[in-house]
Amino acid sequence: MATADDIFIPLECFLPAGKLKYCLLILNQPMDNDQFQCLWSKAIFRVCADGGANQLYEHTKGRQERFLPNFISGDFDSIKPEVKEFYKAKDCEIIDTMDQDHTDFTKCLQILLQKIKEQGLKVDVVIVLGGLAGRFDQIMASVETLFHATKMTKMPVVIIQGTSLAYLLQSGYHRLCVNTGLEAKWCGLIPVGNRCNVTTTGLKWNLSRSWSGQLRAAAL
């Protein structure tokens, strides 16, 4: 049975009184301004994966010098040359990752986790802004990175974009707090990677030791 310390609040990063210590990783997709401002202001470390720097640059137009990431990594097939040169001139670390075996998201996460270790940062979660819109293959690549993340760290990695949030639940008991007032009235439980056997409580329509690989949604 989970204890109070085992409760995970997926949207705690948006709470004014939240004490969550997190790093922010920005991907190359449109950002909601309120979400960006809130997440950036409280992050203890901020990074961009390749074209994510384009999003940061355009989103902070006229104020770019106030929003400098700790590093930008990627194979740089997406970042605009002028954007790359701007951040380079501002002494942001630019890290080339030409390996094509993994996505820029996965590679950026790997580097971020190494930086956290090297600098001795106390981090509770990695928040990813973007990755849940646009092309279906890119959305699924984001899900794939969540699987890679389980082999890199025990920290939760949460992807947020617009009205969507994705978090990979591994085998075991999980207790999620979803009464912050920021949640909508629905959630989706999607079996990916393996056959799933799921029991839930607290949902309008709960599951009782069900699922063998079908897609299904459940309302709060």
Enquirer: Does Phe71 belong to the same Ile/Leu/Val/Met/Phe/Trp/Tyr cluster as Val123, with side-chain heavy atoms less than 4.5 Å apart forming each link?
Expert: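 Yes, one cluster joins them.
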Enquirer: Check residues 19-30 and write down every donor-acceptor pair under 3.5 Å in which the side-chain atom is one partner and the other belongs to a residue at least two apart or another chain.
Expert:
residue : atom : partner : partner atom : Å
Tyr22   : OH   : Leu39   : O            : 2.8
Asn28   : OD1  : Gln55   : NE2          : 3.0
Gln29   : OE1  : Gly131  : N            : 2.8
Gln29   : OE1  : Leu132  : N            : 3.3
Gln29   : OE1  : Ala133  : N            : 3.2
Gln29   : OE1  : Gln161  : NE2          : 3.3
Gln29   : NE2  : Ala133  : O            : 2.6

Enquirer: Is it the case that Gln114 and Gln110 place a side-chain donor and acceptor less than 3.5 Å from each other?
Expert: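 No.
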Enquirer: Tell me whether Asp104 contacts the main-chain N or O of Ser73 through its side chain, where contact means a donor paired with an acceptor under 3.5 Å.
Expert: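 Side chain of Asp104 to backbone of Ser73: no pair is present.
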Enquirer: If you look only at pairs with a residue in residues 127-155, which of them pass as a side-chain hydrogen bond (donor to acceptor under 3.5 Å, both in side chains), with sequence neighbours excluded?
Expert: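 Qualifying pairs, neighbours excluded: Thr106-Thr145, Arg135-Asp137, Glu144-His148.
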Enquirer: Could you tell me whether a side-chain N or O of Gln64 sits under 3.5 Å from a main-chain N or O of Gly62, the two making a donor and an acceptor?
Expert: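 Checking the backbone N and O of Gly62 against the side chain of Gln64, a donor-acceptor pair under 3.5 Å is found.
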Enquirer: What's the shortest heavy-atom distance between Leu203 and Cys187, and which atoms?
Expert: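 Taking Leu203 first and Cys187 second, the nearest heavy atoms are CD2-SG, 4.0 Å.
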Enquirer: Considering only distance and modelled atom types, tabulate donor-acceptor pairs under 3.5 Å from the side chains of residues 82-92, sequence neighbours left out.
Expert:
residue : atom : partner : partner atom : Å
Tyr87   : OH   : Tyr57   : N            : 3.3
Lys90   : NZ   : Glu65   : OE2          : 2.7

Enquirer: On a heavy-atom basis, which atom in Pro156 and which in Val125 lie closest, and how many Å separate them?
Expert: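 That closest heavy-atom pairing would be O-CG2, 3.1 Å.
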Enquirer: What is the minimum heavy-atom distance between Ile159 and Gly130, and which atoms define it?
Expert: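 Of all heavy-atom pairs spanning Ile159 and Gly130, the closest is CG2-O, 3.0 Å.
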Enquirer: The test is side chain to side chain donor-acceptor pair (under 3.5 Å); show your working for Asn206 and Thr200 and say whether it passes.
Expert: CA-CA 5 Å; Asn206 283 301; Thr200 68; 2.8 Å; yes
Enquirer: Do Phe8 and His174 have ring centres separated by under 6.0 Å?
Expert: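 No: the rings miss the under 6.0 Å criterion.
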Enquirer: Between atom CG of Leu112 and atom CD1 of Ile95, what is the distance when rounded to the nearest 0.5 Å?
Expert: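 Reported to 0.5 Å precision, the distance equals 10.0 Å.
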Enquirer: Should Phe45 and Met152 be counted in the same cluster of Ile, Leu, Val, Met, Phe, Trp and Tyr side chains packed under 4.5 Å apart?
Expert: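 Phe45 and Met152: one cluster.
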Enquirer: To the nearest 0.5 Å, what is the distance between CG (Asn70) and CD1 (Ile111)?
Expert: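 The CD1 atom of Ile111 is 13.0 Å from CG of Asn70, to the nearest 0.5 Å.
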Enquirer: Any chance you could measure Arg46, atom CZ, to Leu129, atom CG, to the nearest 0.5 Å?
Expert: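 Here the rounded value is 13.0 Å.
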Enquirer: Working to the nearest 0.5 angstrom, can you tell me the gap between Lys107 NZ and Phe105 CZ?
Expert: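 That separation rounds to 13.0 Å.
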Enquirer: Hydrophobic cluster mates of Phe136, side-chain heavy atoms under 4.5 angstrom, ILVMFWY only, any path?
Expert: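 Its cluster partners, ordered by chain and number, are Met140.
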Enquirer: Between Val128 and Val157, is any pair of side-chain heavy atoms under 4.5 Å apart?
Expert: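 Result yes, sub-4.5 Å side-chain heavy-atom pair found.
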Enquirer: Sequence neighbours left out, what passes side-chain hydrogen bond (donor to acceptor under 3.5 Å, both in side chains) with Thr180? Give chain and number order.
Expert: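 So Thr180 forms a side-chain hydrogen bond (donor to acceptor under 3.5 Å, both in side chains) with Glu183.
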Enquirer: Starting at NZ of Lys42, measure out to CD of Gln37 and round the result to the nearest 0.5 Å.
Expert: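 If we round to the nearest 0.5 Å, Lys42:NZ and Gln37:CD are 13.0 Å apart.
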Enquirer: Report yes if the side chains of Val126 and Met155 come closer than 4.5 Å at any heavy-atom pair, otherwise no.
Expert: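 They are in contact (side-chain heavy atoms under 4.5 Å apart), so the answer is yes.
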Enquirer: Can I get a per-line list of side-chain donor-acceptor pairs under 3.5 Å for residues 162-170, giving both atom names and the distance, sequence neighbours left out?
Expert:
none

Enquirer: When rounded to the nearest 0.5 angstrom, what distance separates CG in Leu121 from CG in Leu113?
Expert: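 Result: 11.0 Å between the selected atoms.
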Enquirer: Might you point out which heavy atoms bring Cys108 and Val47 nearest each other, and give the distance in Å?
Expert: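 Heavy atoms only, the tightest pair is SG-CG2, 3.8 Å.
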Enquirer: Check whether any side-chain heavy atom of Thr199 lies under 4.5 Å from a side-chain heavy atom of Leu207, and answer yes or no.
Expert: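 In short, these two side chains do not touch, never coming nearer than 4.5 Å.
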Enquirer: Indicate the atoms forming the closest heavy-atom contact of Gly134 with Ile139, along with that distance.
Expert: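 Minimum heavy-atom contact is O-CD1, 3.9 Å.
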Enquirer: Decide side-chain contact (heavy atoms from CB on, under 4.5 Å) for Asp34 and Phe14; before the verdict, give the C-alpha distance in whole Å, the side-chain angles of both, and the deciding distance to 0.1 Å.
Expert: CA-CA 10 Å; Asp34 290 339; Phe14 291 119; over 6 Å; no
Enquirer: Between Gln100 and Asp75, is there a side-chain donor-acceptor contact under 3.5 Å, judged purely by atom types and distance?
Expert: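 Asp75 vs Gln100: donor-acceptor pair found between side chains.
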Enquirer: What's the shortest heavy-atom distance between Pro69 and Phe67, and which atoms?
Expert: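 Looking at all heavy atoms of both residues, the closest pair is CD-O, 3.8 Å.
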